[in-house]
Amino acid sequence: KWVSPKSKGFFGMDRLQFAFKTQIGNQNGAAEEKSYFHRNNLFIVIESLGNECLSKVYKEQIFNIIYESFFQHISIIHSPARSLLFALKEANKEILQNKIPGEETSASVIVVYIQDKAMYFTYLGDSRIYRLSKGKLNLLTRDHALGLGTDENLTIKVKKSPLNKNDLIF
């Protein structure tokens, strides 16, 4: 599925262009679809880990927690990096509180926020972010086994990366 919406106000250009493509994966014999969400220059990709797939409704709840927490914190502390950190910690706490004993309910997640010619991003799990800039493709993330819902005290790092006008983020 391709989605090609546009958002205003990036780099003084009229529009920030982006698209999503979903890929149906196969995990332990069960079809799994990556979920993506975007709103107000906040982009989130959530993929379930383990034997049990997170339902679409549950993924949407995680998105809403991250989205609401992020924009609540950024309106107070004006720091995209710290706001992303708070948002992922709140989503992790929610998953752990609602976990059904014996069920695997964790998620690989990427969260990207674009502001003022910079990309702030964080991730947990094995979903990846690449940047194509000036003809070079660079991997910005490293795969690891930790995901949302795996541990109460996750180490979450937020990175800031400058963006050029023609950069492509994957």
Please answer whether the main-chain N or O of [Y] pairs with a side-chain N or O of [X] as donor and acceptor at a distance below 3.5 Å.
X	Y	answer
S161	M119	no
N40	L42	no
S69	I66	no
D167	R131	no

Quick check: is [Y] connected to [X] through a chain of hydrophobic side chains (ILVMFWY, heavy atoms under 4.5 Å apart)?
X	Y	result
F86	L154	no
F71	F63	yes
I95	F70	yes
Y67	V109	yes
L85	I44	yes

> What residue pairs, at least two apart or across chains, pass ring-ring contact (aromatic ring centres under 6.0 Å, His included) with a residue in residues 148-170?
Replying inline: none
Using 0.5 Å steps for rounding, measure from the [atom1] atom of [X] to the [atom2] atom of [Y].
X	Y	atom1	atom2	value
L137	K134	CG	NZ	15.5 Å
E68	H73	CD	NE2	12.5 Å
S133	K165	OG	NZ	14.0 Å
Y120	S79	OH	OG	7.0 Å
N166	L132	CG	CG	10.0 Å
K160	D116	NZ	CG	8.0 Å

In the structure I gave you, are the side-chain heavy atoms of [X] and [Y] within less than 4.5 Å of one another anywhere?
X	Y	result
Q115	N41	no
D143	R128	yes
I114	F43	yes

Please report the closest heavy-atom contact between [X] and [Y], naming both atoms and the distance.
X	Y	value
I129	T141	N-OG1, 3.2 Å
T155	L124	O-CD2, 4.1 Å
A91	L148	CB-CD1, 4.2 Å
D126	S108	N-OG, 3.2 Å
I46	K59	CD1-O, 3.7 Å
E94	I65	CG-CD1, 3.1 Å

> Does the side chain to side chain contact (heavy atoms under 4.5 Å, CB included) test come out yes or no for I156 and L84, once each step is laid out?
Replying inline: CA-CA 9 Å; I156 301 169; L84 285 175; over 6 Å; no
> Taking it one step at a time, do F121 and Y113 satisfy ring-ring contact (aromatic ring centres under 6.0 Å, His included)?
Replying inline: CA-CA 6 Å; F121 65 95; Y113 180 65; over 10 Å; no
> With a cut-off of 6.0 Å (strictly less than), are more than 12 heavy atoms of other residues, nucleotides or ligands near CD of Q97?
Replying inline: yes
> Sequence neighbours excluded, which residues qualify as ring pair (Phe, Tyr, Trp, His ring centres under 6.0 Å) partners of Y123?
Replying inline: H144
